[in-house]
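Following: one structure in structure tokens, then a few remarks.
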Amino acid sequence: MPKKLHCWEALKCGKKECPAYENKDDNCWLIPDTLCHDKNTDDFISKTKLCLDCKVFINNITPSSLKRTLRILPLQFDEYENRLKKQNKDNLPASQGKKADKTGKILPCSDRIIKNANHLSKFFIENLQDIIEFIPDPTFAIDNDKKVMAWNEAIEQMTGVKKADIIGKGDYAYAIPFYGYKRPLLIDLLNSKDENIEKTYINIKRKLNSISGEVILPSFIKGNDIHIFAIASPIYSRDGTRLGAIQIIRDITEFKASEKMVLDINNQLRDWANNLEKTTRDLGTLNTFTKLMQSCANIDEAYDIVSHSMMELFPAFSGCIYMYNDKTNLFDITTKWGDCRIEENSFKSSNCWALRLNRIYFSKTRSGHSCKLLPGDFSGGYICLPLVAQRRSIGLLHLQVNKEFLPSLELEISDARQQFLIILGENISLSLYSIQLRETLRFQAIRDPLTGLFNRRYMEETLKRELQRAKRKKSSCGLIMFDIDHFKRFNDTFGHEAGDTMLKEIASFVKSNIRAEDIASRYGGEEFLITMPDATVQITQERAEKLRREVKKLHVMHGSQYLGAVTMSFGVAAFPNHAEDWELLIKAADDALYRAKAEGRDKVVVAE
């Protein structure tokens with residue numbers, strides 16, 4: 001336990017190595033450098049001691065206790081003085097005026113404490129070098145003339161400049177070890193504000209008389225930059241006289257590197273969170289897209305959904321979709337969105353690198369291996385993705401980066417975005433293939449494979465539905481049945497292939513000469529039937545007459561062989577004039593057709 005001392009008492013040195021002790025100098029007195037006040041006993045506890053005259057440090061004073069000494073000691077001496085005055089006023093015993101003996105026994109010394117208080121302040125100034133030596137951080141001090149008066153070992157190790165080579169030097173000599181030339185430092189901002197100096201520091205802060213800030217020293221250690229934190233404070237005597245200033249420096253390069261690493265990790269985590277959020281949002285959109293594609297009634301509706309979904313999922317891109325045409329062996333454009341610029345609406349698979357490589361292909365700029373679809377003046381980034389189903393390319397998804405997104409091109413075509421695009425492409429491929437297959441099956445179910453007109457079963461279902469609607473609306477419905485005159489002669493003369501060609505040409509002719517709401521179908525063999533919703537007998541008869549006249553102008557060729565002139569016979573019936581049942585209505589039209597043939601063909605006959 002440290003010995004308790006009353007604040008008006010002191011210790012004599014009593015150490016043989018102390019010159020004052022050897023010279024029997026009674027003025028060799030110890031003053032407690034750190035006094036901890038005990039409120040219960042009104043005492044101060046001494047932890048280390050400092051000889052005022054011989055300047056000997058005892059009990060291995062530590063840097064932390066030295067800092068406390070510099071901060072607390074002047075206040076302690078003020079307390080000493082006040083207590084001494086009070087003790088003298090209370091008539092101290094005569095024995096307290098005696099000196100201590102050589103053994104270091106505690107003796108009254110009120111006069112000596114007062115006398116040595118000012119001596120202690122002078123001691124700290126004269127021995128500032130010894131004091132800052134115990135500060136672990138690089139530290140130096142300058143006087144009012146900007147001359148270096150202290151330079152500790154830590155700053156020697158940092159700069160490589162010995163104290164003997166810099167003590168007493170002025171004119172900003174203390175800046176040369178840091179910058180290689182003379183210039184003001186943070187310590188010089190204590191006198192006045194200088195914007196030029198402040199610009200070189202980061203996060204400058206002023207608190208009371210002190211100033212702190214950060215600065216990067218370029219190529220300071222082995223050509224590497226270091227990041228330092230500096231704090232500067234003025235040095236005052238006990239009477240308030242400015243004696244100089246002190247600056248403490250700390251290398252925070254590793255701290256800043258760790259701080260940057262933490263910041264980078266936080267940024268990376270934030271990016272991951274943002275990407276995760278975006279991915280979740282994109283997956284939600286993809287799920288909605290899939291449901292919509294599964295609900296499409298036809299392929300055109302699907303193309304419209306693809307266009308809107310692509311603009312939402314990939315707003316940085318414009319684009320288009322090409323689909324393979326089995327008849328021409330070309331890829332034809334089917335839909336386009338945004339400001340997509342293309343050179344051709346159809347192309348061969350050999351003109352696209354993505355189709356040739358059968359994988360995604362992208363380019364940041366137009367190069368020698370660029371897509372042939374691009375116009376000559378195109379210079380941005382683009383992506384081509386084959387749409388594959390059942391191990392064959394059914395189409396191509398082509399994307400072009402919009403101009404406003406060119407600066408963020410790396411992000412827009414990142415690996416993660418490409419992977420998501422591949423997933424989306426697979427979804428588009430399967431959806432479009434499914435819709436195409438569904439439409440093919442539906443076509444085969446309701447269409448005649450040779451002529452492309454509706455087949456007999458579809459015609460009968462449609463006629464039933466139209467007659468029911470006509471009954472509800474109290475309207476009419478016309479029916480035209482016709483066939484090709486002397487069709488057997490065409491087959492016998494030119495062959496069955498020529499006969500098929502004739503049927504195809506007649507079907508095409510009929511589709512181009514009826515109303516949009518009319519339904520043309522192949523009833524069987526060379527017989528055809530047209531259902532005309534909301535048409536009266538007169539309107540139906542007029543349409544039949546028009547077809548009879550126009551078909552004569554048809555010029556049918558089979559290869560290079562002309563098949564001759566074509567005529568047709570027509571039978572006309574209408575609901576409710578001739579029948580109210582669909583079967584009876586067809587029979588009425590059929591009977592009228594046979595009457596037309598019996599009367600010489602190339603005629604229109606209305607049912608009776």
Side-chain angles (χ1 to χ4, degrees), residues 327 443-463 478-515 518-532 535 540-574 578-579 582-608:
K327 297 179 180 179
F443 181 88
Q444 292 174 352
I446 66 175
R447 297 277 185 174
D448 174 61
L450 178 63
T451 63
L453 298 177
F454 291 107
N455 58 22
R456 181 170 180 170
R457 190 176 72 173
Y458 180 81
M459 179 275 298
E460 291 175 349
E461 292 176 354
T462 303
L463 183 58
L479 201 65
I480 303 175
M481 183 175 284
F482 62 95
D483 69 0
I484 303 172
D485 295 335
H486 306 295
F487 182 70
K488 187 176 182 302
R489 187 190 306 168
F490 279 102
N491 283 335
D492 294 341
T493 305
F494 301 105
H496 288 285
E497 288 187 2
D500 290 345
T501 301
M502 176 65 73
L503 291 175
K504 291 178 184 179
E505 290 295 329
I506 293 297
S508 177
F509 162 77
V510 170
K511 285 189 288 186
S512 62
N513 284 276
I514 60 176
R515 303 176 306 175
D518 294 342
I519 303 164
S521 58
R522 185 182 181 190
Y523 192 68
E526 71 275 16
E527 290 184 330
F528 299 87
L529 192 144
I530 302 174
T531 303
M532 302 179 65
T540 306
Q541 184 180 2
E542 291 175 355
R543 179 63 58 176
E545 285 289 352
K546 181 181 178 182
L547 291 173
R548 186 187 68 82
R549 292 192 306 269
E550 295 295 327
V551 75
K552 295 178 182 180
K553 302 176 183 178
L554 198 61
H555 190 82
V556 181
M557 297 291 295
H558 177 63
S560 59
Q561 189 174 21
Y562 174 59
L563 299 182
V566 182
T567 62
M568 294 190 300
S569 299
F570 297 83
V572 174
H578 303 109
W582 69 273
E583 291 178 322
L584 295 177
L585 188 62
I586 291 175
K587 186 176 184 306
D590 190 40
D591 290 343
L593 172 61
Y594 276 99
R595 283 173 54 203
K597 284 182 174 290
E599 294 177 5
R601 293 183 173 85
D602 190 19
K603 296 185 68 173
V604 175
V605 176
V606 180
E608 295 179 348

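The basis for the numbers below is simple: all heavy atoms, side chains too, and nothing from hydrogens, waters or symmetry mates.
- When all heavy atoms of Ala589 and Ala573 are compared, the pair lying nearest together is N-CB, 3.8 Å.
- Taking the side chain as every heavy atom from C-beta outward, Leu593 and Ser569 approach each other to under 4.5 Å.
- Residues satisfying the ring-ring contact (aromatic ring centres under 6.0 Å, His included) criterion with Tyr458, sequence neighbours excluded, are Phe454.
- In this structure, Asn455 and Ser521 approach most closely via the heavy-atom pair O-CB, 4.0 Å.
- Note that CE of Met459 is 10.0 Å distant from CD1 of Ile519, once rounded to the nearest 0.5 Å.
- Side-chain contact check for Ile530 versus Met532: some heavy-atom pair is nearer than 4.5 Å.
- Across Gly452 and Arg447, no two heavy atoms sit closer than the pair O-NH1, 2.9 Å.
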What side-chain donor-acceptor pairs closer than 3.5 Å can you find for residues 494-506, not counting sequence neighbours?
| from | atom 1 | to | atom 2 | distance (Å) |
| --- | --- | --- | --- | --- |
| Thr501 | OG1 | Glu497 | O | 3.0 |
| Thr501 | OG1 | His558 | ND1 | 3.1 |

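- Side chains of Glu527 and Asp590 form a contact here, defined as non-hydrogen atoms less than 4.5 Å apart.
- Applying the ring-ring contact (aromatic ring centres under 6.0 Å, His included) criterion to Tyr562, with sequence neighbours excluded, gives His555.
- Residues passing the salt bridge (charged side-chain N to carboxylate O under 4.0 Å, His left out) test with Arg601, sequence neighbours excluded: none.
- Remark: Glu583 engages no residue in a salt bridge (charged side-chain N to carboxylate O under 4.0 Å, His left out) (not counting sequence neighbours).
- Residues satisfying the side chain to side chain donor-acceptor pair (under 3.5 Å) criterion with Thr531, sequence neighbours excluded, are absent altogether.
- For Arg595, the salt bridge (charged side-chain N to carboxylate O under 4.0 Å, His left out) partners are Glu608, not counting sequence neighbours.
- With Ser512 contributing its side chain and Phe509 its backbone, the two residues share a donor-acceptor pair below 3.5 Å.
- Taking Phe528 as the reference, Phe482 meet the ring-ring contact (aromatic ring centres under 6.0 Å, His included) condition, with sequence neighbours excluded.
- Of the options Asp485, Asn491, Asp483, a side-chain contact (heavy atoms from CB on, under 4.5 Å) to Glu526 is made by Asp483 and by none of the others.
- For residues 552-567, the salt bridge (Lys or Arg N to Asp or Glu O under 4.0 Å) pairs, not counting sequence neighbours, are Glu550-Lys553, Lys552-Asp602.
- Between Val510 and Thr451 the shortest side-chain heavy-atom distance does not fall below 4.5 Å.
- Atom CG of residue Asp518 and atom CD1 of residue Ile480 lie 7.5 Å apart, to the nearest 0.5 angstrom.
- Between Glu545 and the choices Arg549, Arg543, Glu542, the side-chain contact (heavy atoms from CB on, under 4.5 Å) rule is met once, by Arg549.
- When all heavy atoms of Phe570 and Ala596 are compared, the pair lying nearest together is O-CB, 3.7 Å.
- For His578 (side chain) and Ala607 (main-chain N/O), a donor-acceptor pair under 3.5 Å exists by modelled atom type.
- Lys546 is linked by a side chain to side chain donor-acceptor pair (under 3.5 Å) to nothing, counting only residues two or more places apart in sequence or in another chain.
- A search for salt bridge (charged side-chain N to carboxylate O under 4.0 Å, His left out) contacts involving Lys587 returns Asp591, not counting sequence neighbours.
- At a threshold of 4.5 Å between non-hydrogen side-chain atoms, the residues Leu453 and Lys511 count as touching.
- Applying the side chain to side chain donor-acceptor pair (under 3.5 Å) rule to Asp492 yields the partners Lys488; only residues at least two apart in sequence or on another chain are considered.
- Among all heavy-atom pairs drawn from Gln541 and Val572, the shortest one is N-CG1, 4.1 Å.
- In this structure the side chain of Thr540 never reaches within 4.5 angstrom of the side chain of Leu479, judged on heavy atoms.
- The environment of OH in Tyr594 is sparse: at most 12 heavy-atom neighbours from other residues, nucleotides or ligands sit within 6.0 Å.
- Interatomic distance, Leu529 CG to Arg456 CZ, rounded to the nearest 0.5 Å: 9.5 Å.
- Between Arg457 and Glu460, no side-chain nitrogen of the basic residue sits less than 4.0 Å from a carboxylate oxygen of the acidic one, so the salt-bridge criterion is not met.
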